[in-house]
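Worth saying up front: this structure is predicted, and the values here are computed from it rather than measured. Numbers here simply count residues along the sequence, with the first being 1.
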Amino acid sequence: MSENSTSSQVAEVAIIGAGPSGLAAATRLAKAGLKPVVFDLNAAPGGQVYRQVESPQADLRVTGIDYRLGQRVVEAFRRARVDYRPDSRVWWVQRVDAGFELGVLHEGRSAVWRARRLILCHGAMERPFPFPGWQLPGVMTAGAAQVLLKQGGLLPEDAPILVGSGPLIYLLGWQYLQAGRPPTCILDLTPRHQWRLPLRQPVKAWHARGYLFKGLKMMLALKRAGVAIERDIDALEAIGDKVLEQIRYRQRGHWKQRPASLLLSHVGVVPETHLTRSLGLTHRWHAEQQSFLPVRDDTLSADENLWVVGDGAAIGGAVNAMREGTLSALEVIASHHGLTKEERHERDGLRRERARDLCARQLLDAMFLPPLNIDAMPEETIICRCEALTRGDLDQAISDGAEGPNQLKAFTRCGMGPCQGRQCSVNATLLLSRRLAQTPDQIGQWQIRPPVQTITLGELATPGVVENRET
């Protein structure tokens, strides 16, 4: 390494995120002789899917064989000539001339970076799933529970109840089973008619056969272990004085109750769009994924010298994210010095594989369409957890004249808490859409302003020292 430079530095290519897409993009760029700088919010590469993969806290019998792929991907990344910067929080990004300017927080100090080309691999977040009592201690998301399992090897003291829709509730249930702590039961909110879709869409089912067989295998293992799987559930409540004590759920028109001390909920994931929205990129509502997605062209570019790939652009899973990461790297290589015949062949093959996989994804999106009837939730249901605003509070603001998200924010402070609207944005848009009889695209989203990650005034005022990492 050379001596320390000033607090500003230029990179030819910057990558935000070191999950599957970021790892693949960086490794492929390094193979072509380009040295990207990779900013990672986490302390080690892997993202959420391959979290703690270099020093797993749970063995492969628990995490599953997919973790082996993650180990190989991270190993290749570690061998590549990449400027990897973990524990780096990109709190601001804007376009400057033909490139980009980034504010990066590391070890309590903020530095400014300039990048000529930018690949956003910032990933997804768990979809907020409001229901009465979801704010009680003892209620948490399945994704958060899986982080505890992967990163700390932590298991719940009491057998949990899993509730929701989508593959993760079965994956986590299976992982707990492998670790000797199976869930009490799984309450599946997926409507029965959606389970029949593979029979009605045989071509898509064939492309999705790997995903479907994996899920079926996990369900059978849970059933053989005596884990009850209950379906046809269309309403849910968490009940307790100061902590979760029991749950109520409506199944085929009848209410039932179960004692519970830990409830893990999940209804899918959505792209984390704060960075893409702060750049002013166009977003469109995706009905199947029930979220806003940044608009990209066939090269995965969302703007000049800007690519958005992986689950931060559209939910497609880890393997698709790696394909998109590699494809974005090939586009950067093409814009830098052109592609060889072999590289063009590689790009075309990846595009075909991606098209087949996305065909399968269409079926999965339809099967696990999130059961979100925000307008039908009891009015005491909290929608904005940061500001403790209920559905009734938001309805009153809409009745008072709030005609869009930013007016709703002005009337109620919805979206102004520490999460910066991440936990309420989609649900507020859906409620406005239903109440005002407009499409989500017509309703829109909050305006995003920096910082897009939390940063203190002290950190902002403390200039960082950027190391010039050259070999």
Side-chain angles (χ1 to χ4, degrees), residues 13-17 19-22 24-25 90 92-96 98-100 102 115-125 127 268-317 320-332 334-335 347 350-351 354-355 357-359 361-362 364-366 369-370 404-406 420-422 425-426 428-430 432-433 438-450 452:
V13 186
I15 297 173
I16 299 178
S21 58
V90 178
W92 157 62
V93 59
Q94 69 178 15
R95 181 171 284 284
V96 179
F100 303 88
L102 293 75
R116 295 184 180 90
R117 296 175 176 86
L118 180 62
I119 304 177
L120 297 182
C121 307
H122 50 291
M125 58 172 283
R127 180 188 296 278
V269 295
V270 293
E272 218 288 57
T273 59
H274 270 51
L275 276 176
T276 52
R277 286 156 60 196
S278 69
L279 280 164
L281 301 181
T282 300
H283 292 69
R284 292 283 182 266
W285 181 257
H286 191 284
E288 286 72 29
Q289 295 193 2
Q290 287 286 288
S291 60
F292 285 99
L293 309 182
V295 175
R296 305 179 291 173
D297 63 21
D298 291 340
T299 70
L300 308 181
S301 172
D303 202 356
E304 183 182 4
N305 293 328
L306 173 64
W307 293 264
V308 187
V309 298
D311 283 355
I315 306 304
N320 177 70
M322 285 186 277
R323 288 195 192 102
E324 291 196 354
T326 304
L327 283 168
S328 68
L330 289 168
E331 294 299 332
V332 170
S335 67
R347 179 194 61 191
L350 286 170
R351 286 177 175 176
R354 176 174 176 266
D357 206 39
L358 291 183
C359 181
R361 173 56 55 176
Q362 292 173 1
L364 298 179
D365 287 342
L369 187 69
N406 294 297
Q420 299 176 300
R422 288 174 172 86
S425 176
V426 170
T429 292
L430 285 172
L432 283 160
S433 175
Q438 298 179 23
T439 67
D441 281 320
Q442 291 172 317
I443 295 296
Q445 299 175 280
W446 319 125
Q447 292 178 354
I448 300 298
R449 298 179 179 88
V452 296

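With sequence neighbours left out, Leu369 forms a side chain to side chain contact (heavy atoms under 4.5 Å, CB included) with Gln194, Gln290. Residues passing the side-chain hydrogen bond (donor to acceptor under 3.5 Å, both in side chains) test with Gln445: none are found, sequence neighbours excluded. Checked against side-chain hydrogen bond (donor to acceptor under 3.5 Å, both in side chains), Gln362 has the following partners two or more places apart in sequence or in another chain: Lys204. With sequence neighbours excluded, no residue satisfies salt bridge (Lys or Arg N to Asp or Glu O under 4.0 Å) with Arg127. Shown here are the side-chain hydrogen bond (donor to acceptor under 3.5 Å, both in side chains) partners of Thr273, two or more places apart in sequence or in another chain: Arg277. Residues meeting the side-chain hydrogen bond (donor to acceptor under 3.5 Å, both in side chains) test with Thr282, sequence neighbours left out: none. Remark: Trp92 pairs with no residue by the ring-ring contact (aromatic ring centres under 6.0 Å, His included) rule, at least two apart or across chains. Listed by chain and residue number, nothing satisfies the salt bridge (Lys or Arg N to Asp or Glu O under 4.0 Å) test with Arg347 (two or more places apart in sequence, or in another chain). Taking the side chain to side chain contact (heavy atoms under 4.5 Å, CB included) definition, one finds that Asp365 meets it with His286, Glu288, Gln289, Arg361, sequence neighbours left out. For Thr299, the side chain to side chain contact (heavy atoms under 4.5 Å, CB included) partners two or more places apart in sequence, or in a different chain, are Asp297, Ser301, Trp307, Glu331, Arg351. Partners of Ala14 under the side chain to side chain contact (heavy atoms under 4.5 Å, CB included) rule, at least two apart in sequence or in another chain, are Val37, Phe39, Ala115, Leu118.
Under a 4.0 Å N-O distance rule, the pair Arg284/Asp441 does not qualify as a salt bridge.
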Should Ile16 and Leu275 be marked as a side-chain contact (heavy atoms from CB on, under 4.5 Å) after you check the CA-CA gap, both sets of side-chain angles, and the distance that decides it? CA-CA 10 Å; Ile16 299 178; Leu275 276 176; 4.0 Å; yes
Can Leu430 and Val426 be said to form a side-chain contact (heavy atoms from CB on, under 4.5 Å), step by step? CA-CA 6 Å; Leu430 285 172; Val426 170; 4.1 Å; yes
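Counting only distance, with no hydrogens or angles, the side chain of Thr429 and the backbone of Gly444 share a donor-acceptor pair below 3.5 Å. Panel note: side chain Arg354, backbone Glu324; no donor-acceptor pair is recorded below 3.5 Å. The backbone N or O of Pro294 lies less than 3.5 Å from no partner atom in the side chain of Thr276, so there is not a single donor-acceptor pair. Listed for the Asn320 side chain is no donor-acceptor partner under 3.5 Å among the backbone atoms of Asp357. The backbone N or O of Glu272 lies less than 3.5 Å from a partner atom in the side chain of His122, making a donor-acceptor pair. Checked by atom type and distance alone, the side chain of Asp311 never pairs as donor or acceptor with a backbone atom of Ala321 at under 3.5 Å.
Of the inter-residue distances, the one linking Met125 atom CE with Ser291 atom OG reads 10.5 Å to the nearest 0.5 angstrom.
Each salt bridge (Lys or Arg N to Asp or Glu O under 4.0 Å) pair with one or both residues in residues 300-309, not counting sequence neighbours, appears once here: Arg95-Asp303.
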